[in-house]
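Following: one structure in structure tokens, then a few remarks.
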Amino acid sequence: MKYYDWIQHVKGSSQFIDDITLPEGCLHAAIYYSNVAHAKIKNLILDEALNTAGVKEVITYKDIPGENQIGGIIPDETLLAENHIHYSGEPIAIVVGETIHSAREAVRKIKIVIEELEPVTDPRAAFANSNILIPPMIFSLGDVDDAWKECDFLVEGKVESGAQEHLYLETQGSIASPVEGGGVKIISSTQGPTAVQKAASRVLGISMNKIEVDVLRLGGGFGGKEDQATPFGCMAALAAFNLKKPVKLVLNRKDDLRITGKRHPYSSDYKIGLTKERKILAYEAVFYQNGGAVADLSPAILQRTMFHATNSYFIPNVKATGYSCKTNLPPFTAFRGFGGPQAMFVLESAIHKAAAALGIDASVIQEKNLLREGDEFPYGQKTKDCHAKVCWNNAVENYEFEKSKNEIAEFNSKNKYLKKGISLMPICFGISFTNTSMNQAGALVHIYKDGSVGISTAAIEMGQGVNTKMREVAGRIFGADESRIKMESTNTSRVANTSPTAASSAADLNGKAVESASNELMKRLKDFICKSNGITDNRKIEIIDEKILIEGKETGMNWEELISKVHLNRIDLSAHGFYATPGIYFDTKTSKGDAFAYHVFGTAIIEVTVDCLRGTFEIDSVKVVHDFGESIDKLVDRGQAEGAIVQGLGWMTCEEVIYNDKGILLTDTLSTYKVPDIHFAPEKLELQFLENSSNPMGIFKSKAIGEPPFMYGIGAYFAVANAMKAYNPSVEINYRAPMTHERVLLILNPVSTE
Ligand code: MTE
Ligand code: LUZ
Ligand code: MOS
């Protein structure tokens, strides 16, 4: 029987951090953080807080035994602010109390004397002051400067895309306990257990082997816990270490919203040049990434922006420049797509604007320029098994795009205020961490002597079904029933040096590690059967449905009997597997290389209806042809695609994170920040699995699914824009996302300022 952990979720029996039975004497921590964006700290007054009933300690940077440093890529991030505040939400002190109520009460009693400084929130303003987090990045192909002369049409413009809140259902949290020998065990809601372990080792000034990080599952991560679970793991560990007591730190929603970073807002400029035949000859883009106050993952995210500057299109002359700008906002971080969506929105905007100038449908330009087999990306890699065109063609034909277009034209001619719009959105997303060294994973597989199996990997289960896939991998190899296979928690003492579960590659990397360990165990089992039956060739042995077969004939022995015998014969029933993606590399000096194991392709068709009087709209349908390779589990993959699509639609059309010009988050509640719900979700969401797609680089020939479908959501922006143009052909689309109902209303009915 297949096992899906959502069965447990709906029964309420799955454990998250807040469900864990606390150890005796466990203390509770709350964070005191800044409510101004930029300031010098003159004095921190803790007396009243310390005198609060039940309060055990207030921890500041002065109490850190090791280094006050948790920066992952660049060491520019303190765990607790020292003398300078860089963003509103920046942690300053940790209050530890007997109850969460005493800790929170004491937080309110901390007083601070500051000298406020002028905050910068706009990336372009930061750039103008040379406030950049890393040196500029440039990716280029051909020569744009030569190519402009050859173009028949040139269009330039500016594009803005907003931040996005992860809104994982489980907020950030950790429980840390001191262990003998001066170490700590951290139970953390993190996508990156090794990141937590390494940072905690640095903060506590002890070696990594003294820190054990354990993760059962997350109530969602979406990138928000790739790097940003780390501070909370470290804070709980620091408190537990200093007070020699277990400490629980779980953020309430408001603190989580205010403290943690979100998807990076981008402000970009572009220039695009086309020939008379609608071929894109040249494209130049400059991306101003709003990085926030510290680097966090911004450099890696900016790099993925560069990689995806041309999305699913071949453009012979490209120049992409990226600046990661330092502002006084919380550090923006990983979020599904990891900078890719921001890049793709810019190019789609350029195509849309060029099409409008030419008086044609954007789909004409899109189709004409889709990637073909062997085309070169600006980073030098060439497409292989390129499915851009076949996905597009299947979508257009299977979903009758022309017919829908005509029906929409018909509808629009009959309705004055209600207008429909349609758009196509092709995607191409590279699979692999762009930092080659991160493409590795380990697995530890035990077969217990009763025939049951326990598997540990580096993968974190966060709702994406990676554990279901891991069980499928081992089950297929062992020929054993999946009900025998249990996925263990992810634990740094069982599988060490893990890359975060990210970049959509957990199933591939960890699946291949499980495959390798399982194959090793299978070899031992088969060798044993050979030996006890006087056979030399172990290829004659098979295990199917738990039955042991020799040359296709049943032996009468089953899995349980076999395992018991193997154990009595003193053969090791445990194996460690390891996988590192072969053949990938990337030279950061030249910005060239085969950075990705493969690419994922697909095309979506999106239809919307806009009420042009009120500005409200509905997403009528999203119809997709997506390249899943040979899906390991269609139910899981369909769920991933649907979830990603709705999240992408949300980013483009309803979710609006607002910081005021003082750098204060205004949308710090769920009544002011609108996330997609079932009413928002498209009335119709159709998904076709591209046929005859295989993928030698994926686990069991499947393709990664976690992030790519997010980017179909971009199409919604243009579907709404097209509906608005049907209402008023001269309307100026400003290419600022999200296109909320409010924005639609204001664009269609500009408010006079006179
Ligand atoms: N699905 C659920 N339910 N919850 C999540 O947090 N994260 C997404 C995606 N799907 C996420 C999810 C992100 S950002 C990534 S990178 C992938 O899952 C990671 O898992 P994978 O590598 O197993 O696809
Ligand atoms: N994380 C990372 C990622 O460190 N490198 C990546 O390339 C990446 N891509 C997508 C999501 N997370
Ligand atoms: Mo996903 S942004 O790679 O965690």
Side-chain angles (χ1 to χ4, degrees), residues 4-6 9 72-73 164 166-170 189-192 194-195 217-229 261-264 295-308 332-343 429-439 441 457-470 473 490 498-512 581 584 586 595-597 600 628 632-633 636-648 651 698-699 702-711:
Y4 295 104
D5 57 1
W6 52 65
H9 296 347
I73 299 179
Q164 184 178 24
H166 302 87
L167 217 94
Y168 25 68
L169 287 182
E170 180 188 32
S189 182
T190 179
Q191 291 173 240
T194 295
R217 67 165 63 72
L218 315 188
F222 304 110
K225 296 171 183 170
E226 180 173 339
D227 221 35
Q228 296 208 0
K262 302 154 200 332
R263 180 186 296 284
H264 290 78
D296 188 86
L297 290 166
S298 296
I301 291 162
L302 183 64
Q303 200 179 39
R304 189 169 277 274
T305 299
M306 310 296 285
F307 276 107
H308 290 82
F332 292 102
T333 194
F335 197 143
R336 213 171 197 167
F338 207 73
Q342 290 93 326
F429 197 73
I431 301 300
S432 287
F433 286 94
T434 59
N435 175 348
T436 303
S437 70
M438 292 173 77
N439 295 285
T457 70
I460 300 290
E461 176 57 59
M462 47 185 176
Q464 88 279 40
V466 69
N467 280 352
T468 298
K469 291 185 177 179
M470 296 304 99
V473 170
T490 312
T498 65
S499 287
T501 288
S504 306
S505 55
D508 278 349
L509 298 174
N510 294 279
K512 295 248 184 190
T581 315
I584 49 170
F586 185 68
F596 298 115
V600 172
F628 294 83
I632 293 184
D633 188 310
V636 167
D637 283 355
R638 182 177 286 273
Q640 281 296 289
E642 290 179 354
I645 289 167
V646 172
Q647 211 165 26
W651 175 54
I699 179 67
S702 66
K703 283 196 171 187
I705 182 65
E707 295 168 285
F710 179 93
M711 283 146 277

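Values below: all heavy atoms of this structure, side chains included; hydrogens, waters and symmetry mates excluded. These numbers were taken from a predicted model, which means no experiment stands behind them. For ligands, and for the atoms within them, numbers begin at 1 and follow the listed sequence. Numbers here are sequence positions counted from 1.
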Under 4.0 Å from a heavy atom of [X]: which atoms of ligand 1 are those, numbered in the order shown and with their elements?
X: Gly221; answer: 5 (C), 6 (O)
X: Ala502; answer: 16 (S)
X: Glu707; answer: 16 (S)
X: Gly223; answer: 14 (S)
X: Gly220; answer: 6 (O)
X: Gly463; answer: 2 (C), 3 (N)

Can you confirm whether [X] sits close enough to [Y] that some side-chain heavy atom of one is under 4.5 Å from a side-chain heavy atom of the other?
X: Asn439; Y: Ser499; answer: no
X: Gln640; Y: Gln464; answer: yes
X: Phe429; Y: Arg304; answer: yes
X: Lys703; Y: Pro708; answer: no
X: Met438; Y: Pro500; answer: yes
X: Thr333; Y: His166; answer: yes
X: Phe586; Y: Phe307; answer: yes
X: Arg263; Y: Arg336; answer: yes

To the nearest 0.1 Å, how far is [atom] from its closest protein heavy atom, and which atom is that?
atom: atom 8 (C) of ligand 1; answer: Arg336 NE, 3.8 Å
atom: atom 20 (O) of ligand 1; answer: Gln464 NE2, 3.0 Å
atom: atom 1 (N) of ligand 2; answer: Glu226 OE2, 2.7 Å
atom: atom 10 (N) of ligand 1; answer: Gln640 OE1, 2.7 Å
atom: atom 2 (S) of ligand 3; answer: Arg336 N, 3.1 Å
atom: atom 22 (O) of ligand 1; answer: Ala506 N, 2.8 Å
atom: atom 4 (O) of ligand 3; answer: Gln191 NE2, 2.8 Å
atom: atom 6 (C) of ligand 2; answer: Phe338 CE2, 3.4 Å
atom: atom 1 (Mo) of ligand 3; answer: Glu707 OE2, 3.8 Å
atom: atom 7 (O) of ligand 2; answer: Thr434 N, 3.0 Å
atom: atom 3 (O) of ligand 3; answer: Ala503 N, 2.7 Å
atom: atom 5 (N) of ligand 2; answer: Phe433 CD2, 3.3 Å

Taking only heavy atoms of [X], which atoms of ligand 2 are found under 4.0 Å from at least one of them?
X: Ala502; result: 12 (N)
X: Met438; result: 4 (O)
X: Glu707; result: 10 (C), 11 (C)

_Option nearest atom 4 (N) of ligand 1 (shortest heavy-atom distance, choices Met462, Glu170, His166)_ = Met462
*Nearest non-hydrogen atom to atom 16 (S) of ligand 1 belongs to which of Ser504, Ala641, Gly511?*
Ser504
Assess, by modelled atom type and distance only, whether the side chains of [X] and [Y] contain a donor and an acceptor separated by less than 3.5 Å.
X: Gln303; Y: Thr434; result: yes
X: Thr194; Y: Thr498; result: yes
X: Ser298; Y: Asp296; result: no
X: Gln191; Y: Thr501; result: no

_Any Ala704 heavy atom less than 4.0 Å from ligand 1_ = no
*Measuring from the heavy atoms of Gly643, does anything fall under 4.0 Å of ligand 1?*
no
Please could you name the atoms of ligand 3 that [X] approaches to less than 4.0 Å, counting only its heavy atoms?
X: Gly223; answer: 2 (S), 4 (O)
X: Glu226; answer: 3 (O), 4 (O)
X: Phe335; answer: 2 (S)

Quick check: closest heavy atoms across [X] and [Y], and the distance to 0.1 Å?
X: Asn510; Y: Met470; answer: C-SD, 3.7 Å
X: Val466; Y: Ala459; answer: CG2-CB, 3.9 Å
X: Gly340; Y: His308; answer: CA-CB, 4.0 Å

*With only distance considered, is Ala502 within less than 3.5 Å of ligand 3 through an N or O on each side?*
no
Geometry only, no angles: is [X] polar-contacting ligand 1 at N/O separations under 3.5 Å?
X: Phe222; result: yes
X: Ala503; result: no
X: Phe335; result: no
X: Thr501; result: no
X: Val466; result: no

*Test Glu461 against Leu218 for side-chain contact (heavy atoms from CB on, under 4.5 Å), laying out the working first.*
CA-CA 6 Å; Glu461 176 57 59; Leu218 315 188; over 6 Å; no
*Between Ala334 and ligand 2, which part of the residue brings a heavy atom under 4.0 Å of the ligand: side chain, backbone, both or neither?*
neither
*Location of contacts on Arg304 toward ligand 2, heavy atoms closer than 4.0 Å*: side chain
*Determine, stepwise, if the pair Ser702 / Asp508 fulfils side-chain contact (heavy atoms from CB on, under 4.5 Å).*
CA-CA 8 Å; Ser702 66; Asp508 278 349; 4.3 Å; yes
*Evaluate the criterion side chain to side chain donor-acceptor pair (under 3.5 Å) for residue pair Ser504 and Glu707; output intermediate values, then yes/no.*
CA-CA 6 Å; Ser504 306; Glu707 295 168 285; 2.7 Å; yes
*At a 4.0 Å cut-off, with the gap strictly under it, does some heavy atom of Gln303 reach an atom of ligand 2?*
no
*Can you list the steps and then say if Ile705 with Phe628 is a side-chain contact (heavy atoms from CB on, under 4.5 Å)?*
CA-CA 7 Å; Ile705 182 65; Phe628 294 83; 3.4 Å; yes
*Does Phe335 have Lys262 sitting over its ring (NZ/CZ under 6.0 Å from centre, angle to axis within 45°)?*
no
_One thing to verify: whether Asp637 and Lys469 come together as a salt bridge, which I'm taking to mean a side-chain N less than 4.0 angstrom from a carboxylate O._
yes
